[in-house]
There are 2 protein chains.
Amino acid sequence: MTTGKRRAPAGAAVLRGEITTAIRRALMQELAAVGYGRLSIEAVARRAGVSKTAIYRRWNSKLDLVLEVVNAAAGARLPALDTGSLRSDLALLFQVVAHALGHPLASQIIPDLLAEAARNPTIDETLQQVLRARQQEIVGRLISRAVQRGELPATTDPDVAVDLIVGPLYWRLAIARTPFTDSYLETLVDSVVRALGTADTLPRQREAPTPG
Amino acid sequence: MTTGKRRAPAGAAVLRGEITTAIRRALMQELAAVGYGRLSIEAVARRAGVSKTAIYRRWNSKLDLVLEVVNAAAGARLPALDTGSLRSDLALLFQVVAHALGHPLASQIIPDLLAEAARNPTIDETLQQVLRARQQEIVGRLISRAVQRGELPATTDPDVAVDLIVGPLYWRLAIARTPFTDSYLETLVDSVVRALGTADTLPRQREAPTPG
DNA sequence: AGACGTCGGGACGCAACCGTACCGTCGTTG
DNA sequence: CAACGACGGTACGGTTGCGTCCCGACGTCT
């Protein structure tokens, strides 16, 4: 038995990082241009100026490629986001999200993959991890801080809160794709802050009578 | 010149409505199953138990077919929706929307087409008409009624209102596709009502002092 | 310096789909 | 009753993409 260990790949026999990068970039662009449904490896290779083999050497299939790249792209950094008040936390969060969804690539790829997730369990699982779970974590922390500050009641439903915070901005930026102004963002922040509070937001205001 | 009028098609030489219906139904199912990107006429024909020719006789192209069917499906009825108060109007609206997006077909087709609209101007235009314009109209009326009742200030921004009303529910039902309960809907209604109001929602409450 | 072994690229077989041309069928019209 | 004429379906060429195989090129390790 030749248990002889092959020596490690070396020399020209090693993946060129520049090509891997070109493929990644081309995939994102192609994904934005035609969507996951029509995505073709050949088109990605063409756009990257690379042969199909270069892609198949690195990833097993179309799905593998997309999942890995999306994971890497989304697995970036999530800012600390603790500014001292619910309103300013939200304002910062909205600005970050607006900036992220402002990238044409993101605003085209994300809705496309989210739609595809409805029929592809693997994509669904990945997005669940890199997108929704992250949202829940961020919003959850944001809310618990607000509760500690006394800005929100402890009964605040984080489930509803996620939808209230994510929904409007996502609809506006990714679906309607309507231009928006700073004052829009401010109005939205104010609205969401009001939405999160309850009728008796601040306990000590609870007994303030409203003279009829 | 033979201006001779051809006699109108008759007998077997006339479109069979049952087949047109079958094509429509098959298109919706196929659209939900694979999305617009991967939609193929052959698959629609197969699913409908019909030949491709039967489709091409009725519509010029894939896009024509989709646009016409979507237009017909969405061009349905919009209820009167005037229940006497902002809260109950919203509650009814949410129930209607939740019911509509509850259909698996709708919750798969709509996000898919909305994503496709980002790259296909024709689809975008159609959805703008049958979806977003309708939303703006409904929300606009809902708000103006609330303003007349004194439930909302006249300065309410209908632009923000649409996002606040549509966004969370759309996110929840079409994107996250998380099961939801009646109490979730109620909480959401309450939150949105609060979001829409301003700090001085009801003028006569404006001077109610908050003792420090 | 020579051998090694994977690299990237071009080419191939296979499958699916588009849109069209053709062909026999069938019910109404005159 | 005979002719009309669009019907639905099959068959076809052309295109595109998938995944694989084979090739010369190339840089490091011995």
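Letters A, B, ... mirror the listed sequences (proteins, then strands); counts begin at 1.
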Distance in angstrom units between B/W59 CH2 and D/dG8 P, rounded: 11 Å
B/I55 CD1 to D/dT10 C1': how many Å, rounded? 15 Å
Residue pairs passing the side chain to side chain donor-acceptor pair (under 3.5 Å) test with at least one member in residues 101-113 of chain B, sequence neighbours excluded, are A/R119-B/D112
Summary of side chain to side chain donor-acceptor pair (under 3.5 Å) pairs that have at least one residue in residues 165-175 of chain B, sequence neighbours excluded: A/D159-B/R172, A/D163-B/R172
Validation: residues 35-46 of chain A side-chain donor-acceptor distances under 3.5 Å, sequence neighbours left out:
from: A/R38; atom 1: NE; to: B/G37; atom 2: O; distance (Å): 3.4
from: A/S40; atom 1: OG; to: A/A43; atom 2: N; distance (Å): 3.0
from: A/E42; atom 1: OE2; to: A/K52; atom 2: NZ; distance (Å): 2.8

When B/A54 and A/R46 are each assigned the nearest nucleotide of DNA chain D, the 5'-most assignment goes to B/A54
Determine whether A/R141 and A/R145 make a side-chain contact, defined as any pair of heavy atoms from C-beta on separated by less than 4.5 Å. yes
Pairwise ring pair (Phe, Tyr, Trp, His ring centres under 6.0 Å) hits with a residue in residues 107-157 of chain B, at least two apart: none
Only distances under 3.5 Å count here; give the side-chain donor-acceptor pairs of residues 25-34 of chain B to other protein atoms, sequence neighbours excluded, each with its distance to 0.1 Å.
from: B/Q29; atom 1: OE1; to: B/R47; atom 2: NH1; distance (Å): 3.4
from: B/E30; atom 1: OE1; to: B/R47; atom 2: NE; distance (Å): 2.6
from: B/E30; atom 1: OE1; to: B/R47; atom 2: NH2; distance (Å): 3.0

Quick check on D/dG9: is either OP1 or OP2 less than 4.0 Å from any side-chain nitrogen or oxygen of B/S51? yes
Residue set satisfying side chain to side chain donor-acceptor pair (under 3.5 Å) with B/T178, at least two apart, ordered chain then number -> none
Residue-level proximity of residues 11-18 of chain B to DNA chain C when a heavy atom falls under 4.0 Å: B/G11, B/A12
Mind checking if A/R38 touches a base, just sugar-phosphate, or nothing, with heavy atoms under 4.0 Å? nothing
Residues in salt bridge (charged side-chain N to carboxylate O under 4.0 Å, His left out) contact with A/R16, at least two apart in sequence or another chain: none
Polar-atom pairs under 3.5 Å, protein N or O versus N or O of nucleotides 18-22 of chain C: list them with distances, or write none.
from: C/dC18; atom 1: OP1; to: B/I41; atom 2: N; distance (Å): 2.6
from: C/dC18; atom 1: OP2; to: B/I41; atom 2: N; distance (Å): 3.2
from: C/dC18; atom 1: OP2; to: B/E42; atom 2: N; distance (Å): 3.1
from: C/dG19; atom 1: OP2; to: B/Y56; atom 2: OH; distance (Å): 2.6
from: C/dG19; atom 1: N7; to: B/K52; atom 2: NZ; distance (Å): 2.9
from: C/dG19; atom 1: O6; to: B/K52; atom 2: NZ; distance (Å): 2.4

